[in-house]
Amino acid sequence: MSQAEGPLVVGVDSSTQSTKALVVDVATGRVVASGQAPHRVSSGPGRESDPRQWWDALCEALRQCGDAAHEAAAVSVGGQQHGLVTLDERGEPVRPALLWNDVRSAPQARRLTEELGGAKFWAQRTGSVPAASFTVTKWAWLAEHEPEAVRATKAVRLPHDYLTERLTGQGTTDRGDASGTGWWASATESYDEEILGHVGLDPALLPRVVRPGEVAGTVRDGHDLPFAKGTLVAPGTGDNAAAALGLGLRPGTPVMSLGTSGTVYAVSRHRPADATGTVAGFADAHGDWLPLACTLNCTLAVDRVAALLGLDREAVEPAGGVTFLPYLDGERTPNLPEASGLLLGLRHDTTGGQLLQAAYDGAVHALLGALDLVLDEDADPSAPLLLIGGGARGTAWQQTVRRLSGRPVQVPEAKELVALGAAAQAAGLLTGEDPAAVARRWGTARGPVLEAVERDEAALARISGVLSDAAPLLTRGPADR
């Protein structure tokens with residue numbers, strides 16, 4: 001390991017498909033070591049993972065970091081949001097975790113919305129209208145379909161909570177991740193007893209919500225990790241809130257994240273409450289709010305289309321009149337959990353490259369449709385759109401976002417922003433700084449700015465028209481097709 005200027009911290013990103021760990025120099029933000037290990041996710045009607053593999057992946061990622069991890073003074077975990085982790089009296093998983101992109105609880109989401117005062121009630125109470133991705137709907141699904149699993153459950157956790165508890169031995173979460181459950185009241189910043197009672201979940205099974213800047217615990221004895229005993233553990237947070245910290249976001253700066261899911265979000269001083277359900281009124285990890293819209297189909301969906309066509313993901317051609325709604329896993333924005341992909345405008349002379357570009361267009365259209373709702377009214381419409389995530393460095397993604405948004409696009413040079421945000425949170429425990437200020441000091445958002453181009457209004461109108469006209473088809477379940 002090369003010489004570090006300041007203390008070291010570890011930031012973890014436990015995502016849908018892998019766990020990454022970074023060892024970061026607090027003084028400079030330099031990554032001095034890193035590691036990564038994959039996860040397995042089930043296929044079929046559900047999306048599930050065994051939480052124990054997240055721990056195994058964390059152990060492997062840290063092993064790859066070598067001696068640097070042992071020198072770390074603090075650690076923080078950022079993780080995929082919404083997943084339902086059910087633990088027995090020994091702290092072992094009762095069943096595999098139901099992940100954020102498991103949409104089997106769509107009927108429960110609709111039922112909960114209707115049974116407890118409608119969309120306006122939920123938006124005012126929790127900041128969000130229940131969708132199939134939210135943890136509360138997954139718990140309702142589990143209670144209906146696997147009551148024996150519910151009876152065996154002695155603790156309910158989110159993915160990042162599970163890993164933090166394995167580190168400290170204490171059940172904790174943070175306001176950012178708790179705000180994505182559907183049972184955390186955003187107005188009072190506490191668990192909502194009425195909602196919990198309605199779904200039959202004892203609040204005693206839930207973790208304590210740790211305040212921003214508070215120490216969640218210390219690394220306990222009896223583990224296989226390279227941390228020294230007494231290493232501080234930060235609260236951690238959900239992946240989007242961690243990425244916001246990693247960028248050092250100030251209020252009003254728009255972000256588009258292109259990963260397994262696609263998201264658009266911005267930090268806000270105002271508590272969101274969108275009764276349409278498009279914008280989730282999440283909290284951020286340091287006291288503000290993070291209004292966010294999320295799509296289920298982003299890079300994986302477009303890559304799947306490329307694979308079906310036998311094309312490289314960059315082999316796009318102008319789409320012409322082809323429209324492709326790539327809702328391969330159902331969709332969350334727009335709220336069409338039972339939808340499938342839809343293609344319109346196919347001709348004899350349509351090329352594979354045109355079909356692929358149409359898939360990019362459909363994925364980006366869904367995100368941009370929510371961007372204006374995410375941003376506060378006083379946000380600068382000419383400010384660069386920060387493009388992050390696995391797709392952000394792809395030329396086809398960059399050019400599609402530029403063409404359909406009409407905004408300048410900035411691509412931060414820093415990679416692994418979720419892990420960097422977790423590292424900034426850990427650093428804040430040592431220095432007393434706001435983690436976002438730590439990230440700004442590290443310069444994580446620096447990167448080239450691609451100039452704005454004229455917005456492709458014709459393509460946007462065409463896709464919107466197809467989406468509107470196809471609504472009766474997209475709302476049908478598989479059995480109705």
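Since the structure is predicted, the reported quantities are computational estimates derived from the model, not experimental observations.
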Would you mind reporting whether [Y] and [X] have side-chain heavy atoms less than 4.5 Å apart?
X: Val302; Y: Arg313; value: no
X: Val136; Y: Ile195; value: yes
X: Val267; Y: Thr253; value: no

Sidechain N-carboxylate O distance under 4.0 Å for Glu60, Arg63: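 Looking at Arg63 together with Glu60, the answer is yes, because their closest N to O distance falls below 4.0 Å.
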Answer yes when Asp192 and Arg125 have at least one side-chain N-carboxylate O distance shorter than 4.0 Å, and no when they do not.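 The answer is yes: the pair qualifies as a salt bridge.
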So which heavy atom on [X] is nearest to which on [Y], and how close?
X: Leu247; Y: Val255; result: CD1-CG2, 3.9 Å
X: Leu22; Y: Glu416; result: CD1-CB, 3.9 Å
X: Pro334; Y: Tyr327; result: CD-OH, 3.6 Å
X: Leu99; Y: Ser49; result: CD1-OG, 3.6 Å
X: Ala73; Y: Leu430; result: CB-CD1, 3.8 Å
X: Val94; Y: Asp88; result: CG2-N, 3.7 Å

Nearest-0.5 Å distance, [atom1] of residue [X] to [atom2] of residue [Y]:
X: Thr295; Y: Asn101; atom1: OG1; atom2: CG; answer: 11.5 Å
X: Gln80; Y: Thr16; atom1: CD; atom2: OG1; answer: 4.5 Å
X: Thr164; Y: Asp174; atom1: OG1; atom2: CG; answer: 9.0 Å
X: Asp239; Y: Asp177; atom1: CG; atom2: CG; answer: 8.0 Å
X: Leu142; Y: Thr135; atom1: CG; atom2: OG1; answer: 12.0 Å
X: Leu429; Y: Ser76; atom1: CG; atom2: OG; answer: 7.5 Å

Would you please test Val85 and Asp161 for side chain to side chain contact (heavy atoms under 4.5 Å, CB included) and show each step? CA-CA 9 Å; Val85 180; Asp161 306 342; over 6 Å; no
Look at the side chain of [X] and the backbone N and O of [Y], then say whether any donor-acceptor pair between them is shorter than 3.5 Å.
X: Thr137; Y: Ala109; result: no
X: Trp397; Y: Leu258; result: no
X: Glu331; Y: Leu296; result: yes
X: Gln53; Y: Arg40; result: yes
X: Trp122; Y: Leu112; result: yes
X: Arg332; Y: Ala293; result: no
X: Thr126; Y: Ala123; result: no
X: Tyr191; Y: Pro207; result: yes
X: Gln124; Y: Ala273; result: no
X: Arg175; Y: Asp284; result: yes

Residues in salt bridge (Lys or Arg N to Asp or Glu O under 4.0 Å) contact with [X], at least two apart in sequence or another chain:
X: Arg250; value: none
X: Glu433; value: Arg441
X: Asp202; value: none
X: Arg211; value: Glu214

Using the ring-ring contact (aromatic ring centres under 6.0 Å, His included) criterion, which residues pair with [X]? Sequence neighbours excluded.
X: Trp442; answer: none
X: Trp55; answer: none
X: Phe282; answer: His82
X: Tyr162; answer: none

Kindly determine whether Gln17 and Thr260 satisfy side chain to side chain donor-acceptor pair (under 3.5 Å), including the steps that lead there. CA-CA 9 Å; Gln17 300 179 76; Thr260 304; 2.9 Å; yes
Restricting to side chain to side chain donor-acceptor pair (under 3.5 Å), what partner residues turn up for [X], sequence neighbours left out?
X: Asp329; answer: Arg47
X: Thr333; answer: none
X: Thr276; answer: Asp274, Thr278
X: Thr19; answer: Ser14, His39

Should the ring pair Trp184 and Trp289 be called parallel, tilted or perpendicular, given that the plane angle runs from 0 to 90° and is split at 30 and 60?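 Plane angle between 30° and 60°, so tilted.
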Using a cut-off of 6.0 Å, state whether more than 12 heavy atoms not belonging to Glu92 lie near its atom CD.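 Atom CD in Glu92 is crowded, with more than 12 foreign heavy atoms closer than 6.0 Å.
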Does NE2 in His70 sit with more than 12 non-hydrogen atoms of other residues, nucleotides or ligands closer than 6.0 Å?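 Count not over threshold, so no.
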Qualifying residue, where the test is side-chain contact (heavy atoms from CB on, under 4.5 Å) with Val418 and the options are Asp13, Asn240, Val77, Val12: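 Per the side-chain contact (heavy atoms from CB on, under 4.5 Å) rule, the option paired with Val418 is Asp13, out of Asp13, Asn240, Val77, Val12.
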